Amino acid sequence: MVNSEMDLNGAPMLEVRDLIVTYEAQRGTFLKRVEQVHAVKGVSFKVRRGMTMGLVGESGSGKSTIGKAILRLAPIAGGSIFYEGQEVSSLDENAFLPYRKKIQTIFQDPYASMNPRLTVASIVAEPLIVHAKEMTKSQREERVADLLEKVGLPADSMNRYPHQFSGGQRQRICVARALSSSPEFIICDECVSALDVSVQAQIVNLLQDIQDELGITYLFIAHDLAVVEHFCQEALVMELGEIVEQGPTDALYRSPQHPYTQRLLDAVPRMPTIVGAK
Ligand SMILES: Nc1ncnc2c1ncn2[C@@H]1O[C@H](COP(=O)(O)OP(=O)(O)OP(=O)(O)O)[C@@H](O)[C@H]1O
Ligand SMILES: [Mg+2]
């Protein structure tokens, strides 16, 4: 089901059109058999600037694969991806580089996505070294200090290491790192799923505040429908590589049209703690 209201409020920042992603997986006793895994089977959607689009579905339904395809980290077998009207899925690596600065990701497991031997200052500055080569060391330090303040971490966090923080604080470091290259679009791939409920609420509120201040657009991947309901204006529901339903979250939750959405809603307990985050 495609909701026609999605396009009424402006041109899409991101458009995914008929996307097909097929992995080649080695199977069999000596991994000699190559099997095709049809992870995404012709998916289309649009994300407007400044909005938060939810992407939900069971494990293995293809959510992360869509995020990776947007960043060209998954084998695109068909379809196109447009960023602000520019077809980006067929660009070569050099031509795609500016988009790597504009599109950042925050992953589920902050510890796994950080080098434990680097200080927080180095971790947060990583994208700056790639995307803002003109910055001096002291400019970078100043930017890192600003970012740490923005995500609610004390200034003395700079010279500490990831293991010296709680899970929620580590996710704040990842948010700061994602923000450091001044992105326009952030893919949050299960970025609050590993956190306990009260910390989830804090991180979601932080993402919301950042969006209000900087106008960032989010693709928010989650299997927890309660978080999506409170944080996202619209959502896409994925099953086995296909979008089975999409539309404004309010309508989706009030009257799900597809039995799979209904099943997902029935399976998840409601979480009353995140109130007014949207
Ligand atoms: N690199 C890969 N090689 C082969 N198959 C893969 C690869 N990555 C993902 N897949 C397969 O593609 C399908 C979709 O995977 P994907 O990680 O996109 O699902 P997901 O919806 O993000 O799941 P989860 O909620 O568990 O994170 C799955 O069947 C998965 O096994
Ligand atoms: Mg995933």
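Model, not experiment: these values are computed from the prediction. For ligands, and for the atoms within them, numbers begin at 1 and follow the listed sequence. Only heavy atoms go into these numbers, but all of them, side chains included; no hydrogens, no water, no symmetry mates. Along the sequence shown, the residues carry numbers beginning at 1.
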Can the ring centres of Phe231 and Tyr218 be said to be less than 6.0 Å apart? yes
Quick one: do Glu87 and Arg17 make a salt bridge, cutoff under 4.0 Å? no
Side chain proximity check, Leu118 to Met114, heavy atoms < 4.5 angstrom: no
Per the under 4.0 Å non-hydrogen criterion, ligand 1 touches Tyr23, Val37, Ala39, Glu58, Ser59, Gly60, Ser61, Gly62, Lys63, Ser64, Thr65, Glu190
Are the charged groups of Asp250 and Arg254 less than 4.0 angstrom apart, N to O? no
Partner of Cys188 under side-chain contact (heavy atoms from CB on, under 4.5 Å), picked from Leu219, Leu207, Val204, is Leu207
Check Arg143 with Glu141, please: is the shortest side-chain N to carboxylate O separation under 4.0 Å? no
Run the salt bridge (Lys or Arg N to Asp or Glu O under 4.0 Å) test against Lys68 and tell me which residues pass, sequence neighbours left out. none
For Arg117, which residues count as a salt bridge (Lys or Arg N to Asp or Glu O under 4.0 Å) partner, sequence neighbours excluded? none
Every N, O or S from the protein that is nearer than 2.8 Å to the Mg ion (ligand 2): Ser64 OG
Inspect the contact between Arg100 and Glu93 and indicate whether a charged nitrogen and a carboxylate oxygen are less than 4.0 angstrom apart. yes
